[in-house]
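Because the structure is a prediction, the values reported are computed rather than measured.
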Amino acid sequence: MATVDGTPPEGSSTNGQIAATQRKFALLLASPALIGLTVFLILPFLLALGLTFTDQRLLSPNETEFVGLRNYSRLLSVTVLTQDPLEDGGKVVRTDSGAPRYQRVREITRHTPRYEGFRPLTAFHIGDTRVHILAKDPTFIRSLLNTFLFSFMVVPLQCALALGMALLVDQQVRGRNIFRTIYFAPVVVSMVVVSILWVMLYNKDVGLVNKAFSVISLGLFDPVDWLGNPVTA
């Protein structure tokens, strides 16, 4: 900063040189970490991003070719297929259980150019009309939806519980030391041990969760395979 008469303050040049030296020294100290992040994180990410625009296969002897957005088009392609029940003489054909019969989806996707390459993702009914959601890569779409669902449910809930427990630990309440011990115990226990304990708790036959619900319901509760069913898992 200059003085009133426009001359630089005494020692400003020296301070600037010291600041520049400190910045260079800080950059020198940070350079190993920056180089490591660049080589092992940023560069592989950019290379992987570039490969998504090619037909590269790790075990393929063919030369790599640029395909543009074809991979993204295949991964994100989703369409809808509606089916009316099969009819015989104007009457709906039904199964032994009374449910309407429909043409196999595979037959439609194989012989209809519009649905070529699509596979079933999920389906639901609107009356007797069956609606199929088709995707060219159902596994990717399902994984993407699961990721969004996990983030939407777990992240806010986890943050809220963590904040609540942190505030509870800091409050002057009875049993605070016991709560701190319980709260800190998972940090010092092996993740493998914790996983085995929870698997045992959720076991269908001898798990404590099913036993507790059975006792509370006076034996009316049917055991649930908590980890064997995608809905409850």
Worksheet entry | CG on N62 to CD on E65, rounded to 0.5 Å | 8.0 Å
Discussion item. Quick one, T79 with R114, criterion side-chain contact (heavy atoms from CB on, under 4.5 Å). Give me CA distance, side-chain angles, the key distance, then yes/no.
Written reply: CA-CA 9 Å; T79 189; R114 175 185 175 186; 4.3 Å; yes
Fill in: F221: partners by side chain to side chain contact (heavy atoms under 4.5 Å, CB included), with sequence neighbours left out
N210, F213, S217, V224, W226
Item to complete: Kindly work out whether a path of hydrophobic side-chain contacts (I/L/V/M/F/W/Y, heavy atoms less than 4.5 Å apart) joins Y202 to L208.
Response: yes
Worksheet item: For atom CE of M200, is the number of surrounding heavy atoms from other residues, nucleotides or ligands below 6.0 Å larger than 12?
Response: no
Response to the item:
Taking every heavy atom of Q103 against every heavy atom of Q83, the minimum-distance pair comes out as O-NE2, 2.6 Å
Worksheet item: What distance do R70 atom CZ and T54 atom OG1 have between them, rounded to the nearest 0.5 Å?
Response: 9.5 Å
Fill in: Validation row: K24, Q22 side chains within 4.5 angstrom (heavy atoms)
no
Return a table of donor-acceptor pairs under 3.5 angstrom between the side chains of residues 185-199 and protein atoms on other chains or two or more places apart.
unit_1	atom_1	unit_2	atom_2	d
S190	OG	V192	N	3.3
S195	OG	M191	O	2.8

Discussion item. I'd like to know if I216 and V209 are part of one continuous hydrophobic network [Ile/Leu/Val/Met/Phe/Trp/Tyr, side-chain heavy atoms within less than 4.5 Å].
Written reply: no
Worksheet item: Which hydrophobic side chains are connected to L76, either touching it within the sub-4.5 Å cutoff or through other members that do?
Response: L75, V78, V80, L121, F124, I126, V131, I133, F140, I141, L144, L145, F148
Fill in: side-chain contact (heavy atoms from CB on, under 4.5 Å) assessment of R130 paired with T82
CA-CA 6 Å; R130 185 163 66 176; T82 57; over 6 Å; no
Practice prompt. Only counting residues at least two apart or in another chain, list the ones meeting salt bridge (charged side-chain N to carboxylate O under 4.0 Å, His left out) with R94.
Written response: D128
Fill in: From OG (S31) to CG (L29), nearest 0.5 Å
7.5 Å
Discussion item. Determine whether a donor-acceptor pair (N or O, by modelled atom type, separation under 3.5 Å) exists between the side chain of E116 and the backbone of R110.
Written reply: no
Worksheet item: Under 3.5 Å, side chain of T232 to main-chain N/O of N229, donor-acceptor pair present?
Response: yes
Item to complete: Report, as yes or no, whether the 6.0 Å neighbourhood of atom CD on E107 holds more than 12 heavy atoms from other residues, nucleotides or ligands.
Response: yes
Discussion item. Tell me whether I35 shares a hydrophobic cluster with F40, the cluster being built from Ile, Leu, Val, Met, Phe, Trp, Tyr side chains joined at under 4.5 Å.
Written reply: yes
Worksheet item: Who else is in L27's hydrophobic cluster (ILVMFWY, side-chain heavy atoms under 4.5 Å, direct or via others)?
Response: L34
Fill in: Spacing of L86 atom CG and Y102 atom OH [to the nearest 0.5 Å]
9.0 Å
Worksheet item: Do the side chain of D55 and the main chain of T64 share a donor and acceptor less than 3.5 angstrom apart?
Response: no
Practice prompt. Taking the side chain as every heavy atom from C-beta outward, state whether L134 and Y115 have any pair of such atoms under 4.5 Å apart.
Written response: yes
Practice prompt. Apply side chain to side chain donor-acceptor pair (under 3.5 Å) to the pair T52 and Y72, showing each step before the final yes or no.
Written response: CA-CA 8 Å; T52 62; Y72 291 96; 2.8 Å; yes
Worksheet item: Does T38 use its side chain to pair, donor to acceptor, with the backbone of I42 at less than 3.5 Å?
Response: no
Worksheet item: Do S143 side-chain atoms and T139 backbone N/O form a donor-acceptor pair below 3.5 Å?
Response: yes
Worksheet item: What distance do D137 atom CG and R74 atom CZ have between them, rounded to the nearest 0.5 Å?
Response: 5.0 Å
Worksheet entry | Closest heavy-atom pair and its distance - P100, V92 | CB-CG1, 4.1 Å
Practice prompt. Please identify each residue that fulfils side chain to side chain contact (heavy atoms under 4.5 Å, CB included) with S214, with sequence neighbours left out.
Written response: none
Worksheet entry | N203 (side chain) donor-acceptor with V206 (main chain) under 3.5 angstrom | yes
Item to complete: Check each of L163, V155, L157 against C159 using the side chain to side chain contact (heavy atoms under 4.5 Å, CB included) test, and report the only one that passes.
Response: V155
Discussion item. Can you tell me which residue among N146, V154, T147 is in a side chain to side chain contact (heavy atoms under 4.5 Å, CB included) with F150?
Written reply: V154
Worksheet item: Got a second to check how far L41's CG is from L46's CG, nearest 0.5 Å?
Response: 9.5 Å
Worksheet item: Taking all non-hydrogen atoms of both residues, which atom of K204 and which atom of P223 are closest, and how far apart?
Response: O-CB, 3.5 Å
Fill in: Taking every non-hydrogen atom, the tightest pair across R119 and K136
NH2-O, 3.6 Å
